[in-house]
Amino acid sequence: MKQYLRDKVLASLTLAGCPDSVVPTFEKPKIAEHGDLTTNVAMVASKVLGVPPRKLAQTIVDHLDLDPKRIAGVDIAGPGFINFRFTRDYYQNALAEILASGPSFGRVDVGRRRKTQVEFVSANPTGPLTVGHGRGAVFGDTVSRLLEWANFDVTREYYFNNAGRQMRVLGDSVRLRYLEEIGVPAQAFPEDYYQGEYIREIAQHLKAECGDTLKEEPAEGRFKARAEEEIFENIKGSLKRLGVAFDVFYNEHTLYESGKVQAVIDELKAKGLAYEQEGALWFKTSALGLEKDKVIVKSTGEPTYRLPDIAYHREKFRRGFDLIIDVLGADHIATYPDVLAAVKALGFDDAKVKVLIHQFVTIVQGGEVVKMSTRKANYITLDQLMDEVSADVVRYFFLMRGINSHLNFDLKLAKEQSEENPVYYLQYAYARIASIVRHAGTQTEGRNISRNFSLLREPEELELIKMLITFPDVVASCASAYEPHRLAEYLHDAAGRFHAFYHAHRVVTDDLELMAARMGLCEATKCVLGNGFTILGISAPEKM
RNA sequence: GCGCCUGUAGCUCAAUGGAUAGAGCAUUUGGCUUCGGACCAAAGGGUUGGGGGUUCAAGUCCCUCCAGGCGCACCA
């Protein structure tokens with residue numbers, strides 16, 4: 001419909017003497033009285049043509065040649081908006097299209113099978129996932145689902161590092177707890193070691209299996225290996241519980257083994273973008289418009305995180321991704337400009353990299369803010385959160401908000417609030433329809449009643465249909481903007497329209513033709529809600 | 001000190017530069033002998049942190065000030 005109106009308005013603009021540079025855009029007005037689609041083109045073009053907006057709008061409307069079967073009316077309103085109203089026929093026909101498309105209604109081709117990678121979570125295996133990781137996990141996963149519905153070819157990837165100093169400290173943390181468990185006097189547990197209770201549990205598992213035979217075992221042997229194994233299992237378990245699955249787990253270490261890290265060093269040196277000073281190797285970011293140079297290889301010979309990050313992103317390009325999405329927490333905000341500068345310097349198009357940064361989740365417990373730190377173990381884990389409220393609630397809670405907002409989460413209230421949680425509002429609408437369908441089935445058994453959607457002419461019915469048919473547009477715009485929270489809001493509105501319809505009109509009545517038409521409307525609503533739930537990754541209950 | 005994010009109803013948050021700034025919770029008032037009341041209908045509640053500017057049009061863009069969060073390592 002947008003395309004149809006665009007063509008018509010464009011033709012009219014040309015007749016009015018408007019240059020091609022002006023392209024009309026259409027949007028759905030917020031207020032229903034303003035029609036079904038509106039364009040501001042008269043206001044945009046008025047300056048170019050030197051004609052007052054309302055007068056230009058009138059000229060455009062006068063030249064329009066519209067199909068009365070689809071367009072019921074055109075108005076000029078406010079400072080010069082042109083508002084279009086669709087015919088009832090148009091809506092009634094659209095309902096049939098929804099039912100015909102069924103589980104694929106809402107699939108749109110924005111992506112054209114573009115090869116896309118979404119990298120998210122990427123936590124190193126040093127401890128359980130926190131609520132903050134949960135936000136990134138839910139967001140990254142849902143963006144992936146959205147992009148798939150918009151016909152992008154998506155790979156979900158988790159990047160991790162199980163080497164280096166942090167893992168040595170992790171292994172030694174387990175070793176010290178183990179020595180405590182078997183009663184061997186050991187040094188005091190250092191403050192900057194991993195304090196979490198899970199360390200002691202891992203130590204206890206080792207004791208149960210090996211007794212005290214690991215007394216002389218080095219930290220980097222069984223202790224580290226076991227810690228990594230158990231923690232990764234725990235992380236994967238949390239993700240699975242949340243409905244998040246990855247296609248690729250990419251180990252940073254392979255970048256070293258395959259010489260790809262060294263290759264980056266060589267290339268940067270060859271381009272004169274790396275130099276040695278005070279025993280360290282520096283990346284000349286100042287030559288690329290950034291503030292100051294950064295160390296990429298320490299004087300000890302160890303690389304900083306920056307270097308493998310660059311090598312990793314270079315790999316992403318070499319693996320053929322056309323769109324590279326990095327989902328990061330706000331604490332990593334400073335890390336990506338260097339990486340982007342580097343991939344650009346290495347000859348890749350940095351515009352293909354889209355960095356999406358989500359702000360922190362602030363946990364409030366009993367009115368006090370809990371500072372999160374894996375090392376100090378005073379965090380709330382994702383599992384603890386999911387023990388309190390269901391995965392559906394967790395997902396929806398994170399998805400309701402834009403990622404730029406710092407959101408507060410009062411754990412104490414989480415459970416009580418979940419009783420009133422908006423996710424139930426959506427699921428209730430779905431379950432209610434399922435119930436109506438069950439009930440209606442008993443009334444229509446053995447009869448063959450045709451559906452005549454022209455019987456749907458009550459305001460609540462038409463409002464609901466209008467809502468439903470915009471679903472593909474919503475998917476397209478949410479995918480393009482990487483903003484799942486707008487889909488959550490849309491589904492909430494759609495559920496609201498359904499509840500309003502339900503209260504105003506009976507579906508199951510003695511008028512079998514009307515009943516058949518309303519059943520069609522119910523099924524179309526169920527279809528849109530169900531498809532939306534699939535994208536958000538929440539369940540679609542037939543009963544609650 | 002520098003960079004990024006934020007400041008909208010009592011609380012938690014929405015609002016591709018568009019028309020009358022919207023939801024949920026909380027408060028108040030109505031609505032079930034019929035398809036699920038985890039629902040519906042309605043009311044109150046706002047100088048969009050302050051001040052300038054750009055624009056036909058600013059919560060949205062620019063400048064500045066105030067307040068909060070996160071960063072600013074030869075940690076990741």
Side-chain angles (χ1 to χ4, degrees), chain A residues 25 27 29-31 33-34 38 40 42-44 46-47 52-54 77-81 83 122-124 126 161 164-166 252 277-282 291-292 294-306 308-309 329-337 357-360 362 369 374 397 400-410 413 416-417 419-429 431-440 442-443 477-478 480-481 483 485-486 488-489 492-493 495-496 498-509 515 518-519 522 543-544:
Chain A
T25 57
E27 58 189 87
K30 283 181 207 162
I31 299 165
E33 286 75 51
H34 292 155
T38 186
N40 62 355
M43 289 176 289
V44 175
S46 74
K47 201 163 192 182
R54 283 197 68 112
F81 291 103
N83 297 332
S122 294
N124 290 336
T126 59
N161 176 14
R165 195 179 77 90
Q166 46 156 3
E252 178 181 328
Q277 188 178 319
E278 295 164 13
L281 188 69
W282 294 71
E291 207 165 319
K292 55 184 176 184
K294 302 283 169 55
V295 171
I296 49 177
V297 181
K298 297 185 250 181
S299 53
T300 59
E302 274 182 304
T304 64
Y305 68 90
R306 227 170 251 115
D309 264 11
D331 52 339
H332 286 72
I333 201 150
T335 68
Y336 76 91
I357 291 172
H358 63 85
Q359 296 300 315
F360 267 30
T362 306
V369 173
T374 304
F397 185 88
M400 281 170 65
R401 275 82 171 174
I403 54 170
N404 283 335
S405 68
H406 316 251
L407 65 90
N408 290 323
F409 203 125
D410 192 324
L413 294 177
E416 314 163 26
Q417 283 182 345
E419 301 294 322
E420 317 272 347
N421 195 290
V423 73
Y424 293 122
Y425 184 81
L426 306 189
Q427 292 177 324
Y428 184 62
R432 184 177 242 175
I433 296 171
S435 172
I436 294 171
V437 171
R438 284 191 297 270
H439 179 74
T442 63
Q443 308 293 308
S477 74
C478 290
S480 305
E483 286 182 347
H485 74 275
R486 278 163 43 199
E489 197 165 328
H492 184 270
D493 288 347
F498 175 77
H499 286 307
F501 156 73
Y502 171 87
H503 278 276
H505 308 287
R506 283 195 60 83
V507 177
V508 179
T509 67
M515 172 168 144
R518 286 184 173 162
M519 282 306 300
C522 285
K543 290 181 182 175
M544 288 174 74

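Residue numbering restarts at 1 for every chain, and letters A, B, ... go by the order of the sequence lines.
Under the Watson-Crick and G-U wobble criteria, each requiring two contacts below 3.5 Å, nucleotide B/G1 is paired to B/C72. Base pairing analysis places B/G46 opposite nothing; no Watson-Crick or G-U wobble pair with both distances below 3.5 Å involves it. B/G24 is paired with B/C11 under the Watson-Crick or G-U wobble criterion, all donor-acceptor distances under 3.5 Å. Base pairing of B/G36: no nucleotide in any strand meets the Watson-Crick or G-U wobble criterion (both distances under 3.5 Å).
Checking B/G36, B/G18, B/G71 against the side-chain heavy atoms of A/Ile333 singles out B/G71 as nearest. The listed nucleotides are B/G18, B/A41, B/G71; the one nearest the side chain of A/Pro79 is B/G18. Nearest nucleotide to the side chain of A/Arg432, out of B/A76, B/G36, B/A41: B/G36. When each of B/G37, B/C39, B/A76 is scored by its nearest atom to the side-chain atoms of A/Thr335, the top-ranked nucleotide is B/A76. Of the listed nucleotides (B/C75, B/C4, B/G36), B/C75 has the atom at the smallest distance from the side chain of A/Thr304. For A/Thr38, taking side-chain heavy atoms from C-beta onward, the closest of the listed nucleotides B/C39, B/A19, B/G36 is B/A19. Comparing B/C74, B/G36, B/A14 by their closest approach to the side chain of A/Tyr502 singles out B/G36. With B/G71, B/U34, B/G37 as the choices, the nucleotide that has an atom nearest any side-chain atom of A/Tyr428 turns out to be B/G37. With distances taken from any side-chain atom of A/Asn83 to the nucleotides B/C74, B/G71, B/A19, the minimum falls on B/A19. Among the nucleotides B/A15, B/C56, B/C74, the one closest to the side chain of A/Lys30 is B/A15.
Phosphate proximity of B/C56 to A/Lys47: present, with a side-chain N or O under 4.0 Å from OP1 or OP2. Listed pair A/Tyr425 / B/C40 meets the phosphate criterion, a side-chain N or O lying under 4.0 Å from OP1 or OP2. Applying the 4.0 Å criterion to OP1 and OP2 of B/C75, one finds that A/Lys298 has a side-chain N or O inside that range. For the pair A/Ser405 and B/A14, the criterion of a side-chain N or O lying under 4.0 Å from OP1 or OP2 is met. Contact annotation: A/Arg54 side-chain N/O to B/C56 OP1/OP2 distance is not under 4.0 Å.
Counting any heavy atom pair closer than 4.0 Å across all strands shown, A/Ala77 reaches a base atom. Counting non-hydrogen atoms under 4.0 angstrom, A/Leu407 reaches the backbone sugars and phosphates but no base. Residue A/His439 is in sugar-phosphate contact alone, with no base atom involved, counting any heavy-atom pair closer than 4.0 Å across all strands shown. A/Ala431 comes within 4.0 angstrom of a nucleotide base, judged by non-hydrogen atoms across all strands. Residue-level contact check: A/Asp493 touches neither bases nor backbone, having no heavy atom under 4.0 Å from any strand. Across all strands shown, A/Gly164 has no heavy atoms under 4.0 Å from either base or sugar-phosphate atoms. As judged by a 4.0 angstrom heavy-atom cut-off over every strand, A/His332 is placed among the base-contacting residues. In this structure, A/Glu302 reaches neither bases nor backbone, as no heavy-atom distance under 4.0 Å exists between it and the strands shown. If you check every strand for non-hydrogen atoms under 4.0 Å, A/His505 touches a base. Residue A/Asn404 is classed as a sugar-phosphate contact, given heavy-atom separations below 4.0 Å to backbone atoms only. Residue contacts for A/Ser435: at a heavy-atom cut-off of 4.0 Å it reaches a base atom on one of the strands shown. Using a 4.0 Å heavy-atom criterion, one finds that A/Ala280 contacts the bases of the nucleic acid, with or without backbone contacts as well.
Taking the P atoms as reference points, B/G52 lies 14 Å from B/U60, given to the whole Å. Annotation: B/C13 and B/G49 have their P atoms spaced 15 Å apart (nearest Å). Nucleotides B/U20 and B/C25 place their P atoms 28 Å apart, quoted to the nearest Å. Comparing B/G10 with B/U28, their C1' atoms are spaced 15 Å from each other, to the whole Å. On the C1' atoms, B/G50 is 12 Å away from B/G7, given to the nearest whole Å. As rounded to the nearest Å, B/U12 and B/G45 have C1' atoms that lie 16 Å from one another. Nucleotides B/U27 and B/C66 have their P atoms positioned 39 Å apart, rounded to a whole Å. Between B/A67 and B/A26, the two P atoms lie 35 Å apart (nearest whole Å).
A donor-acceptor contact under 3.5 Å is formed by the side chain of A/Asn40 with the base of B/G18. With hydrogens and angles ignored, a donor-acceptor pair closer than 3.5 Å exists between the side chain of A/His406 and the base of B/G68. Remark: the A/His503 side chain and the B/C39 base include a donor-acceptor N/O pair separated by less than 3.5 Å.
Remark: A/Asp309 CG to A/Ile296 CD1 distance equals 12.0 Å, nearest 0.5 Å.
A cation-pi arrangement is not found for A/Arg432 relative to A/Phe498, the charged atom failing to lie both closer than 6.0 Å to the ring centre and inside a 45° cone about the ring normal.
A/Met400 and A/Ala488 get closest at one heavy-atom pair: CA-CB, 4.4 Å.
Residue side chain A/His34 meets the stacking definition with respect to B/A19: its ring centre sits within less than 5.5 angstrom of the base's six-membered ring centre, and the planes differ by less than 30 degrees.
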